[in-house]
S.K.: 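Shown below is the structure under consideration.
Residue numbering restarts at 1 for every chain, and letters A, B, ... go by the order of the sequence lines.
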Protein chains: 6
Amino acid sequence: MSPPRSAPRYTGIRTFASLEHVPLAALAAADAETRAEVAIVGIPFDTATSWRPGARFAPEAIRSASVLLRPWHPRHRVEVLREGAVVDAGDVGITPGNAARTSDQIAAALSPLSAEGTATLVLGGDHTVALGELRAHAAGAGPVPLLVIDAHADTWDEYYGERIFHGTFLRRAIEEDLVDPARSLVAGLRGSLYSPTDLEDARALGLELVTIEELRALGPDGFAAGARARCGSEGVVLSFDIDAVDPSAAPATGTPEVGGLSAAETLAFVRALAGITFAGFDLVEVSPPYDPPAQITSLLAANIAYEMLALAALARAR
Amino acid sequence: MSPPRSAPRYTGIRTFASLEHVPLAALAAADAETRAEVAIVGIPFDTATSWRPGARFAPEAIRSASVLLRPWHPRHRVEVLREGAVVDAGDVGITPGNAARTSDQIAAALSPLSAEGTATLVLGGDHTVALGELRAHAAGAGPVPLLVIDAHADTWDEYYGERIFHGTFLRRAIEEDLVDPARSLVAGLRGSLYSPTDLEDARALGLELVTIEELRALGPDGFAAGARARCGSEGVVLSFDIDAVDPSAAPATGTPEVGGLSAAETLAFVRALAGITFAGFDLVEVSPPYDPPAQITSLLAANIAYEMLALAALARAR
Amino acid sequence: MSPPRSAPRYTGIRTFASLEHVPLAALAAADAETRAEVAIVGIPFDTATSWRPGARFAPEAIRSASVLLRPWHPRHRVEVLREGAVVDAGDVGITPGNAARTSDQIAAALSPLSAEGTATLVLGGDHTVALGELRAHAAGAGPVPLLVIDAHADTWDEYYGERIFHGTFLRRAIEEDLVDPARSLVAGLRGSLYSPTDLEDARALGLELVTIEELRALGPDGFAAGARARCGSEGVVLSFDIDAVDPSAAPATGTPEVGGLSAAETLAFVRALAGITFAGFDLVEVSPPYDPPAQITSLLAANIAYEMLALAALARAR
Amino acid sequence: MSPPRSAPRYTGIRTFASLEHVPLAALAAADAETRAEVAIVGIPFDTATSWRPGARFAPEAIRSASVLLRPWHPRHRVEVLREGAVVDAGDVGITPGNAARTSDQIAAALSPLSAEGTATLVLGGDHTVALGELRAHAAGAGPVPLLVIDAHADTWDEYYGERIFHGTFLRRAIEEDLVDPARSLVAGLRGSLYSPTDLEDARALGLELVTIEELRALGPDGFAAGARARCGSEGVVLSFDIDAVDPSAAPATGTPEVGGLSAAETLAFVRALAGITFAGFDLVEVSPPYDPPAQITSLLAANIAYEMLALAALARAR
Amino acid sequence: MSPPRSAPRYTGIRTFASLEHVPLAALAAADAETRAEVAIVGIPFDTATSWRPGARFAPEAIRSASVLLRPWHPRHRVEVLREGAVVDAGDVGITPGNAARTSDQIAAALSPLSAEGTATLVLGGDHTVALGELRAHAAGAGPVPLLVIDAHADTWDEYYGERIFHGTFLRRAIEEDLVDPARSLVAGLRGSLYSPTDLEDARALGLELVTIEELRALGPDGFAAGARARCGSEGVVLSFDIDAVDPSAAPATGTPEVGGLSAAETLAFVRALAGITFAGFDLVEVSPPYDPPAQITSLLAANIAYEMLALAALARAR
Amino acid sequence: MSPPRSAPRYTGIRTFASLEHVPLAALAAADAETRAEVAIVGIPFDTATSWRPGARFAPEAIRSASVLLRPWHPRHRVEVLREGAVVDAGDVGITPGNAARTSDQIAAALSPLSAEGTATLVLGGDHTVALGELRAHAAGAGPVPLLVIDAHADTWDEYYGERIFHGTFLRRAIEEDLVDPARSLVAGLRGSLYSPTDLEDARALGLELVTIEELRALGPDGFAAGARARCGSEGVVLSFDIDAVDPSAAPATGTPEVGGLSAAETLAFVRALAGITFAGFDLVEVSPPYDPPAQITSLLAANIAYEMLALAALARAR
């Protein structure tokens, strides 16, 4: 009948939702009985962004904004923040200015978790961080089905000669055979493009693309049905780029595009994915320097991460 | 055909919408012919908030943002800011750090107005201020029907031992027999909860609860019909917690929850209540330190207050 | 398959979307073969605003926010930023503190372009700048059909004795026979008014008015059909006041009104105008001092300007 | 031994330092016994600024920041905020966009006070407001001695054809014979200039100029001695442009210049003027839109106004 | 020759300067050999502030701003952040809205550390937190010598009936015999007062008071000599209220006063205290909501805390 | 006697101080008579920063803040912004995420200017940009004398394996024989260090180091005398890292250190260098995302750049 904590939720060192902090190394070394089911992992890397940097501070900011989260999800009727089952594993050590080395560091840090069946919830960083993350997932399981919610397809080939960049990660991941494009889908596309062939090029990789207008026409249930049909219900990786959301609800991001999802739409689309089992999640491209004073982007990001944890809890509960 | 004021609306000491300032004491002492029909009253108290403080500055900020308001409401076709009928009574003197004493101060300050039939429009402050306000209303009329628009039910029992807190006000008000739960309704509920029983506990108090999804499904007319059915059409108190609104439109509040009402939805739901006569209104939980630079939360709050005044003007006009 | 620029889009002197800068004088002197089809022109004038100033910095801020724009419009399937066809002509030299003289300066600066058939896309400035702009358009063509998207009708007669003001520009333009009210329409009206006759006065000028509720009920296609029926399909001037948009998506404006269009609605309503040929466009009332830190108003404004350029490109392509 | 107010100082309608609000008309009509000694008057006019507008909101912002001021000045040992002796007279009604008419309005509003010997403390507005203010002072007393603390001499002749502008007010005032240049001094000059003759032109008007380096070399006592020698000790008008202060301590101003006074230096220079009797004061060029989130410019401005009131109280006490 | 950390300092869960997190309970239970010499403790309490709240977020913000701190202090030539010797003990659980109960909680949490000789560095919270802190220090040692750097004496008796408030903590502490006024000193006083007796009342308690002007005249060495003469060299408690600093360098605080110390002065005054052994330190009144975007107040606060740790390291090294 | 421009300085495409824009290629191709004496060049690169990114937007922001600059420098009595002599050459095309390639791009872009004797004034970007810049200077002249004003020595060897980083540029430049350490000096050092040997390591490279305390003790004249003695009077490169300035005056920078120079001190130290002839200048590490709302860091940076241009104008005038 009352808040169970003896002190205000804004008390204490900031971990995600005040969850226990179990460093990555300790987590990898834990035995099967005590191992967490989901590990939240920050990756404070933003070298590879084409406009506004700052996503290096997203893990800190999302943790800060997560203090309001309470354990029980009334729509899904599931306990999301179960002690022991979900932990905050801290951040991956990355190398600013070096996307290639950072991708290796991420893969090395996350692979032990993926190998043991611990789902990872990555808090980026720019979208480049998904490359290392997908390497970890694919290391054991082979090419994974990937469900991306994003304003951009991120399938360009290079930026000014740089091949690992936040707008190229998905092409790289397909080239490296980390993602199975035939079981993958990118939804929420919008905004101006470099050329008429941009989307054709992405489709030529084997991906299914859903524009924002198509997504709205589908609605949450239609989207979820399509996602299940395309990606299957097991071992999917869900990658959410915060720029899928409209700048009014998520102003603080590297390459904002007007006309995106509202917060209510965002919650509805993510909640509709209940029933899919996810190998991992990421939430990328929050850029906190552009978020003051109310930090609504980080707040929304914390809630999307919470919805991802709820999807994991539902799968666990089945 | 032109703005009737001889000087820009941003000229002059800031009262709500540049209305005449009649201090509370003078207002209580006025005789029946000259007494205002609605008194706007600030209550700058924010001791009892569980995350972001700052609502102490809301009365100032809402007055500041109200300079744009013009007297005529084109949808309702009613003059809202009628000279003499509506006045700004200034602020109640409160005691920061002492919610119990402040509740007494509020009740003492507002009771003379309620006793004389002057409707009060309270600008909070955190939601705790409603406790003193409801004591004033109930002093003469007995338990009142209460219509709350809020992301949270505010029926928890205590916070870290504190019993008068912004998340407990409604439980306290029912315990003190200020509110008739059988004629009361809380709409707009969303967000994570402490436990599966949080909402059941609230319903056990006798309240009707409407989630944000149910509210959207009802639409403004359905909501208004339900409100009239539940609360009746006379002597209702309307309490609007700004966190019912989405952080994109109301970022500056103590405990923001993503996925709330848009500004357009907000106006529609409040306007639909035309036809009910209200004993009082409050607009709470605006936290101005989180509102710069465009202060859109205070602007929306000023407009919600204006819609409340329009509801009062409509009732008066009947 | 990759971004065509050899350097990041945030490199270089800020012109709109990194387009070539051709000063107004050079543009007027160009011969017919090499002359641009559309000239973007900043008018940094904000003397005549009734609440928040700052629109003098809008041309700079919109150019800054336009760096993300890419040349290809995937919905209209048209190349928007064609080299040579669209140029940034810099700013008109204006006189702060003197709306009458500034209106003359604007008319003098833009008339040569209008005379040669170069469409102008004006980045205001407050809405007063439309008076000089309409003088330029009407100089050769006579009274023009005007399509306004705005929260306010801007048909008041004067403000505190000032006759050229952002809330009076449309009355002045009709009085000066620059606009043909019978072929003109103002859509998006909302907010409180000075008196019950405000809208009647506007209609008495011959204008068609569409409130925000009516606009939403029409939807993009209904609106576009009505606009074509009213304004015709040739030589129309489109004037977009950013306060048509809700403060959640466009907080930085001189006289914000809550309850406006979302960004997605905005794009849809503007895109629906495909098929009309426009003599000119303006985008007014962005006030950058109220836009930090993410500058979402300027970003939306840059995108609306881009949609205007797309409408021009479509007309050109027919 | 304790704060004398029964409620927090942030309670109530915002007048300067919570002083009684006596409107200008009532003040002018008061009889000699009850008339205030100093009237604080806001002039929310910012049409005539050459870079950043926003000073129209300075009276509101300075009043807001003044809530912290307490009555007793421990350095001067004088009661500054004596009830009845000092009042807040509200704002002068001005005409945005019309500096000439506004100057007339200011002169008309303030002349009755000057005529009765009530000192005025003007809260601008841009520096143009001093023209009307000086007309009121000179109406009875003839050309006044003027002591200006400012980064700029404000003696240019016109801006783009406009003759009443914030950078021309002092030349206009001398031309109108409102100021006696031989008894006037401008201190704090710095920043780049249009031409080598700018300062010679100002000196040719008869003014004494003191650069920021000279001012620092003089120190507070040397400055005060020089001011007394130049301006005399009776009937002086003190005009303080907040851009005399460094942007680190006063960022929110229309034309900031780096390298100005610190807050501590500012207090020391103003306090050193004890012993001079002032006919009036003004504090101009605070631009609140550039002040969030901590509003330190308005806070400093409120304190400079307080120091001015202290100088008036000291003169009264002699 | 290079940064010793393998990853950027902005990587990882935010503890102060990335120090090890040892919760309070674990710290109290440690045995003598492994016990830390200094424990950093956050106290996120801001109920008792008389203007701007928000200090509840100061421990989080100061930890965030501390990531830049490196271990070696080149002026004192001492290793400040020695592993094991200095730890971050997290936050004390407090009760918002209840200063009396919170003071008890603080005393109970810190007493075990004081009893074992672990120095505490408290990150407030408002200045009220010093009351509980001083109870812990005095529990074993009796009344302590207290060295306060603050704009205000904090010796008022009550605020609107509240006796435990940020402006009364020092009077309460003396009444409770926690502080030995004869060995205590408050330096940095400035700003307007409630009455001529405010400072006399403080002196009547036995305190020595040093105004900001006197402090500047003394200089760092004179101040330190006076502090040693007054407070002695052993077991002193140093309390630093960030409002001792000028708003230009520390804008984000509850009751800012213009004219305070610069950052350079602040460092010099604190560094001059080398040679004194401190039983504890506190750094209070940082209010992060007023600090965006560059968070310079939290940055300065983190550096003052670092200087305190350096003083402790020097004492340890002797 | 009046501003010479016919329109406000905030009118027009933003080049530095509204100077003519001559692209780098055109500049390199110009013949000797018409070639500019100083070229302002933006380098929007910020990949290699160890805390707060954002310096990629500094060239834009400094140009924006430069609109207030007027041509005449009253202290040096020199015309600074002489038409034709000083131009804005736009930005160097860089490669985000690749410091090595970017350094090559910078050297290639600037070498033609250095070869022809055009001084360059680089607006960074993070301090890494100085490496490419120094390669251009040394290409013809051999190792140059370098005068650095900076809080940090930037002589670390690597960061997490990265060898070209903003904290390593000076070591790299010495290793590449671009800088003659025996004729070079770094002034303004302060802040905590990684180890006791950090400064010894820098001195071992042959550099002279001056701490902030030593710099203040020297004063402007002593500093300038020392700089001339160390660096000589010809062909010196002046590199100014904005973090030499205190965060109160320059909050927006990548690695702020408290206790730095005030703006007045900054101007005095730079002005004292009159008499030295400079081969080039750079102004680095301004991070605009941390600068709203008044953008005082960019304003100070624009003024420091102006002082650099004044030093160049003085040398030219000799």
Side-chain angles (χ1 to χ4, degrees), chain A residues 1-11 17 64-81 220 245-252 260-271 291-307 309-310, chain B residues 49-54 152 155-163 165 167-168 171 189-202 204-205 209 211-213 216 243 246-263 265 287-293 296-297:
Chain A
M1 196 151 75
S2 280
R5 285 176 52 105
S6 63
R9 290 175 286 167
Y10 53 77
T11 308
S64 175
S66 73
V67 298
L68 273 197
L69 296 169
R70 307 174 195 88
W72 181 255
H73 193 296
R75 296 281 292 173
H76 288 317
R77 300 200 56 78
V78 69
E79 187 186 359
V80 176
L81 305 174
V245 182
D246 192 66
S248 58
L261 301 173
S262 72
E265 289 175 323
T266 300
L267 296 181
F269 281 110
V270 177
R271 286 175 181 170
D291 219 14
Q295 295 146 312
I296 62 171
T297 314
S298 293
L299 183 74
L300 179 58
N303 276 274
I304 295 171
Y306 180 85
E307 295 295 333
L309 293 177
Chain B
T49 184
S50 52
W51 198 31
R52 292 178 168 165
H152 311 98
T155 51
W156 284 293
D157 190 36
E158 59 172 45
Y159 276 72
Y160 348 108
E162 294 300 293
R163 296 183 61 77
F165 218 68
T168 69
R171 180 172 292 270
L189 297 172
R190 63 186 195 281
S192 55
L193 296 175
Y194 294 109
S195 90
T197 62
D198 284 7
L199 295 185
E200 284 83 338
D201 290 345
L205 290 171
L209 304 184
T211 67
I212 186 81
E213 291 85 3
R216 284 207 172 95
D243 67 23
D246 192 66
S248 57
T253 188
T255 49
E257 295 284 353
V258 301
L261 300 174
S262 71
E265 288 175 323
S287 177
Y290 295 92
D291 219 14
I296 62 172
T297 313

S.K.: Who passes side chain to side chain contact (heavy atoms under 4.5 Å, CB included) against A:S66, sequence neighbours left out?
M.R.: A:F16, A:A17, A:L69, A:A302
S.K.: Between A:T266 and A:I304, is any pair of side-chain heavy atoms under 4.5 Å apart?
M.R.: yes
S.K.: Against chain B, label A:V78 side chain, backbone, both or neither, depending on which of its atoms sit under 4.5 Å from a heavy atom there.
M.R.: neither
S.K.: Only pairs of heavy atoms separated by less than 4.5 Å count here; which of B:D291, B:L199, B:V258, B:L193 has the most with chain A?
M.R.: B:L193
S.K.: What residues of residues 248-255 of chain B sit under 4.5 Å from chain A when you count only heavy atoms?
M.R.: B:S248, B:P251, B:T255
S.K.: Hey, what do you get for CH2 (B:W51) to CZ (A:R9), rounding to the nearest 0.5 Å?
M.R.: 9.0 Å
S.K.: Which bit of A:L68 is near chain B, if near means a heavy-atom gap under 4.5 Å: side chain, backbone, both or neither?
M.R.: both
S.K.: Check each atom of B:P293 against the heavy atoms of chain A and say whether the ones under 4.5 Å are side chain, backbone, both or neither.
M.R.: neither
S.K.: Using heavy-atom distances under 4.5 Å, tell me whether B:R52 contacts chain A through its side chain, its backbone, both, or neither.
M.R.: side chain
S.K.: Determine whether a donor-acceptor pair (N or O, by modelled atom type, separation under 3.5 Å) exists between the side chain of A:D246 and the backbone of A:L261.
M.R.: no
S.K.: Taking all atoms of both residues into account, what is the closest heavy-atom pair of A:L300 and A:A263, and its distance?
M.R.: CD1-CB, 4.1 Å
S.K.: Among B:E200, B:E213, B:R190, B:R216, which residue has the highest count of heavy-atom pairs closer than 4.5 Å to chain A?
M.R.: B:E213
S.K.: Measuring only between side-chain heavy atoms, which start at C-beta, is B:P247 closer than 4.5 Å to A:L299?
M.R.: yes
S.K.: Can a donor-acceptor pair be found, under 3.5 Å and without considering hydrogens, that links the side chain of A:Y306 to the backbone of A:R70?
M.R.: yes
S.K.: Name the region of A:L267, side chain, backbone, both or neither, that has any atom closer than 4.5 Å to a heavy atom of chain B.
M.R.: side chain
S.K.: In terms of heavy-atom pairs under 4.5 Å, which option from A:E265, A:Q295, A:R75 contacts chain B the most?
M.R.: A:R75
S.K.: Going through the distances and angles, do B:W156 and B:D198 end up as a side chain to side chain donor-acceptor pair (under 3.5 Å)?
M.R.: CA-CA 8 Å; B:W156 284 293; B:D198 284 7; 3.2 Å; yes
S.K.: Apply salt bridge (Lys or Arg N to Asp or Glu O under 4.0 Å) to B:E162 and list each qualifying residue two or more places apart in sequence or on a separate chain.
M.R.: none
S.K.: Suppose we screen for side chain to side chain donor-acceptor pair (under 3.5 Å). Which residues come up paired with A:H73, at least two apart in sequence or across chains?
M.R.: A:E307
